[in-house]
Amino acid sequence: MSERTDLPELGCYLLAGAAAEGPAELPAQARRAEELGLGTAFVSERWNVKEAAALTGAACAVTDRIQIATAATNHNTRHPLITASWATTLHRLSGGRFTLGVGRGIGALYQAFGIPPVTTAQLADFADVLRRLWRGETIVNYDGPLGEYPILFLDSEFREDIRLALVGFGPRTLGLGGALFDDVILHTYFTPETLARC
């Protein structure tokens with residue numbers, strides 16, 4: 001094994017691609033990414049054996065320095081309290097190294113599974129609702145882009161500062177990411193021209 005070189009500006013996907021080797025490969029990949037000195041290990045989610053909460057928990061548990069981020073999960077496949085709680089757990093488990101990255105997902109796949117498409121208004125509201133929950137707020141009679149909830153509440157003692165990222169491609173989503181999220185995650189394999197435009 002070579003000596004580690006810190007490259008915080010570089011990252012990698014763990015279990016890259018839709019047909020990953022299998023979840024048992026992830027801990028070794030996460031440790032190796034950290035050994036190489038990479039800055040962030042990203043975990044994408046697929047509806048097979050790539051469930052983001054379990055995988056990011058495993059990555060956080062076997063590493064000490066590297067940032068761990070979802071790139072991405074979707075806000076509309078879990079109740080907002082489940083997502084907020086999961087992110088809080090990983091934030092604390094990792095000592096603040098976790099970033100919750102969300103995206104729109106694949107519209108045709110959502111339609112086939114009977115899941116409503118993700119809207120820009122939902123993404124904006126999701127960021128606001130999670131930040132409020134992480135500040136210990138109680139949200140009563142919520143009726144907005146995320147749905148209808150009589151009460152949303154985690155813990156009045158919470159004062160969590162958890163990073164939120166948005167996977168973006170188009171101008172509206174990129175603008176939203178720059179305005180309301182801590183990070184914007186761009187697609188892999190962008191040309192230099194597309195990167196400059198974004």
Side-chain angles (χ1 to χ4, degrees), residues 11 39-47 51-57 59-60 67-107 109-111 113-187 197-198:
T40 305
F42 297 100
V43 175
S44 64
E45 186 164 53
R46 300 288 186 271
W47 292 326
E51 197 277 330
L55 294 177
T56 51
C60 288
Q67 299 292 310
I68 305 296
T70 54
T73 189
N74 304 105
H75 82 274
N76 63 343
T77 55
R78 296 176 181 86
H79 191 285
L81 291 180
I82 299 299
T83 303
S85 176
W86 155 45
T88 305
T89 302
L90 288 181
H91 174 71
R92 291 182 179 192
L93 174 71
S94 69
R97 294 181 292 120
F98 177 71
T99 297
L100 178 63
V102 296
R104 291 184 188 275
I106 301 169
L109 186 61
Y110 275 27
Q111 184 178 6
F113 289 161
I115 299 171
V118 174
T119 68
T120 301
Q122 288 172 340
L123 291 168
D125 221 33
F126 175 78
D128 178 61
V129 165
L130 260 64
R131 291 190 197 284
R132 290 175 64 190
L133 292 171
W134 291 333
R135 287 192 304 261
E137 291 185 34
T138 300
I139 302 170
V140 179
N141 295 324
Y142 174 87
D143 184 1
L146 291 181
E148 295 180 24
Y149 303 100
I151 189 164
L152 294 170
F153 172 72
L154 290 176
D155 189 322
S156 62
E157 300 296 316
F158 275 9
R159 299 297 180 269
E160 308 298 325
D161 184 18
I162 301 169
R163 295 189 72 78
L164 281 173
L166 181 63
V167 175
F169 307 123
R172 287 180 49 200
T173 307
L174 290 171
L176 177 67
L180 299 179
F181 289 76
D182 300 299
D183 299 303
V184 172
I185 301 169
L186 301 176
H187 198 282
R197 178 187 56 78
C198 290

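By convention here, the first residue in the shown sequence is residue 1. Since the model is a prediction, treat every value here as computed from it, not as a measurement.
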What's the spacing between R92 CZ and C60 SG if we round to 0.5 Å?
-> 14.5 Å

Roughly how far, to the nearest 0.5 Å, is OG1 of T88 from CG of D155?
-> 9.0 Å

What one should report as the nearest heavy-atom pair of A87 and W134 is CB-CZ2, 3.6 Å

Please examine the side chains of Y149 and L81, heavy atoms only from C-beta on, and report whether any two atoms are closer than 4.5 Å.
-> no

What side-chain donor-acceptor pairs closer than 3.5 Å can you find for residues 175-184, not counting sequence neighbours?
residue, atom, partner, partner atom, Å
D182, OD2, R131, NH2, 3.3
D182, OD2, L164, N, 2.8
D183, OD1, R163, NH2, 2.9
D183, OD2, R163, NE, 3.0
D183, OD2, R163, NH2, 3.2

With a cut-off of 6.0 Å (strictly less than), are more than 12 heavy atoms of other residues, nucleotides or ligands near CG of D161?
-> no

Below 4.5 Å, heavy atoms only, C-beta onward: do L123 and R104 meet side chain to side chain?
-> yes

Report the C-alpha distance between T56 and T73 in whole Å, list the side-chain angles of each, state the deciding distance to 0.1 Å, and finish with yes or no for side-chain contact (heavy atoms from CB on, under 4.5 Å).
-> CA-CA 11 Å; T56 51; T73 189; over 6 Å; no

Of the non-hydrogen atoms in S44 and A71, which two are nearest, and what is the gap between them?
-> CB-O, 3.5 Å

Side chains of L154 and E160: closer than 4.5 Å at any heavy-atom pair?
-> no

Can you find a pair of side-chain heavy atoms, one from L152 and one from P80, that are under 4.5 Å apart?
-> yes

Minimum heavy-atom separation for F169 to L174, with atom names?
-> O-CD1, 3.5 Å

Does W86 reach the side chain of T70, with side-chain heavy atoms less than 4.5 Å apart?
-> yes

G168 to L186 - nearest heavy-atom pair and separation | O-CD2, 3.7 Å

Roughly how far apart are Q67 CD and F98 CZ, rounded to 0.5 Å?
-> 11.0 Å

Take F158 and L133 through the test side-chain contact (heavy atoms from CB on, under 4.5 Å) and record every step on the way to the result.
-> CA-CA 8 Å; F158 275 9; L133 292 171; over 6 Å; no

Evaluate whether atom CD1 of I115 has more than 12 neighbouring non-hydrogen atoms of other residues, nucleotides or ligands under 6.0 angstrom away.
-> yes

Greater than 12 external heavy atoms within 6.0 Å of R135's CZ = yes

Decide yes or no for V118 and H75: does some side-chain heavy atom of the first lie under 4.5 Å from some side-chain heavy atom of the second?
-> yes

How far apart are the closest heavy atoms of G57 and L90, and which atoms are they?
-> CA-CD2, 3.4 Å

To the nearest 0.5 angstrom, please state how far the CD atom of Q122 sits from the OG1 atom of T120.
-> 9.0 Å

Checking I139, T138, N141 against I151 for side chain to side chain contact (heavy atoms under 4.5 Å, CB included), the one that qualifies is T138

CZ/R78 to OG1/T83 distance, rounded to the nearest 0.5 angstrom?
-> 5.5 Å

Under 4.5 Å between any side-chain heavy atoms of T77 and F113, yes or no?
-> no

Nearest heavy-atom approach of H91 to S94 is O-OG, 3.3 Å

Could you list the residues that satisfy side chain to side chain contact (heavy atoms under 4.5 Å, CB included) with A72, not counting sequence neighbours?
-> V167

Do V102 and N74 come within less than 4.5 Å of each other through their side chains, counting heavy atoms only?
-> no

